Amino acid sequence: MANIKSAKKRIKVIETKTMRNKAIKSKVKTMIKKVDAAIEAKDKAAAEAALKVAISEINKAASKGIYHKNNAARKVSRLTLAVNRL
């Protein structure tokens, strides 16, 4: 355990940021699952609606630095491709 005051503060800050990052990543994964479920059900309208929301969430996460921009672009690209195949 840290003894220095600034080190203790850093531990608290890191915990807060970790929780925030986990929550945002979880939300992105949920949105991706919704798109995949719509694709599985062969429902193009629902898939496109879910895709729009998912892309928005992925881009927000990338802008906050939770995902690297190329990782976000790859996720968006794969989802869009899957929806377009319907």
Side-chain angles (χ1 to χ4, degrees):
M1 184 65 195
N3 291 322
I4 298 167
K5 189 175 182 181
S6 62
K8 289 178 184 176
K9 182 182 176 187
R10 291 308 309 162
I11 290 170
K12 284 184 185 176
V13 170
I14 288 168
E15 282 178 2
T16 305
K17 287 184 176 184
T18 301
M19 294 301 288
R20 176 176 157 266
N21 290 349
K22 277 186 183 178
I24 294 171
K25 278 188 176 183
S26 176
K27 192 171 187 181
V28 167
K29 287 177 189 174
T30 303
M31 296 303 156
I32 290 172
K33 284 178 190 172
K34 285 184 181 180
V35 175
D36 289 339
I39 290 169
E40 199 70 30
K42 304 266 193 252
D43 188 355
K44 190 161 177 79
E48 286 174 350
L51 176 67
K52 192 172 182 182
V53 176
I55 288 173
S56 173
E57 290 298 327
I58 291 168
N59 289 337
K60 280 184 205 171
S63 71
K64 292 174 183 176
I66 293 163
Y67 286 118
H68 189 276
K69 65 184 178 105
N70 291 354
N71 188 346
R74 185 176 67 243
K75 287 180 186 298
V76 168
S77 177
R78 287 179 179 170
L79 281 176
T80 306
L81 199 65
V83 170
N84 289 342
R85 283 191 188 132
L86 280 179

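Positions are given from 1 along the sequence. Being a predicted model, the structure only gives us computed values, none of them experimental.
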Is a salt bridge present between Lys52 and Glu48, judged by a nitrogen-to-oxygen distance below 4.0 Å?
no
Ala2 and Ala7: which non-hydrogen atoms are nearest, and at how many Å?
CB-CB, 3.6 Å
Can you tell me how far CD1 of Ile11 sits from CE of Met1, rounded to the nearest 0.5 angstrom?
4.5 Å
Measure the CD1-CG distance between Ile14 and Asn21 for me, rounded to the nearest 0.5 Å.
11.5 Å
Heavy-atom closest pair, residues Leu51 and Val35:
N-CG2, 3.6 Å
Keeping Thr80 on the side-chain end and Val76 on the backbone end, is there a donor-acceptor pair under 3.5 Å?
yes
Can you name the closest pair of heavy atoms from Ala61 and Ile24 and give their distance?
CB-CG2, 3.7 Å
Working to the nearest 0.5 angstrom, can you tell me the gap between Ile58 CD1 and Arg74 CZ?
11.0 Å
Calculate, to the nearest 0.5 Å, the distance between atoms NZ and NZ belonging to Lys64 and Lys17 respectively.
13.5 Å
Side-chain heavy-atom pair Arg20, Thr16 within 4.5 angstrom cut-off:
no
Presence of salt bridge, Lys60 and Glu57, under 4.0 angstrom
yes
Please report the shortest heavy-atom distance between Ile66 and Lys25, naming the atom on each side.
CG2-CG, 3.7 Å
Ser77 side, atom OG; Asn70 side, atom CG - distance, nearest 0.5 Å
11.5 Å
Lys44 atom NZ, neighbour heavy-atom count above 12 within 6.0 Å:
yes
Side chain of Ser26, backbone of Lys22: donor and acceptor closer than 3.5 Å?
no
Rounded to the nearest 0.5 Å, how far does CD of Glu15 lie from OG1 of Thr18?
7.5 Å
Which atom names give the shortest non-hydrogen contact between Asn3 and Lys8, and what distance separates them?
O-CE, 3.8 Å
Testing the basics here: between Ala46 and Ala38, what is the closest heavy-atom pair and its distance to 0.1 Å?
C-CB, 3.9 Å
Is there side-chain contact between Leu79 and Val83, with at least one heavy-atom pair below 4.5 Å?
no
Please check if Ile32 and Val53 belong to a single hydrophobic cluster, counting links between Ile, Leu, Val, Met, Phe, Trp and Tyr side chain heavy atoms closer than 4.5 Å.
no
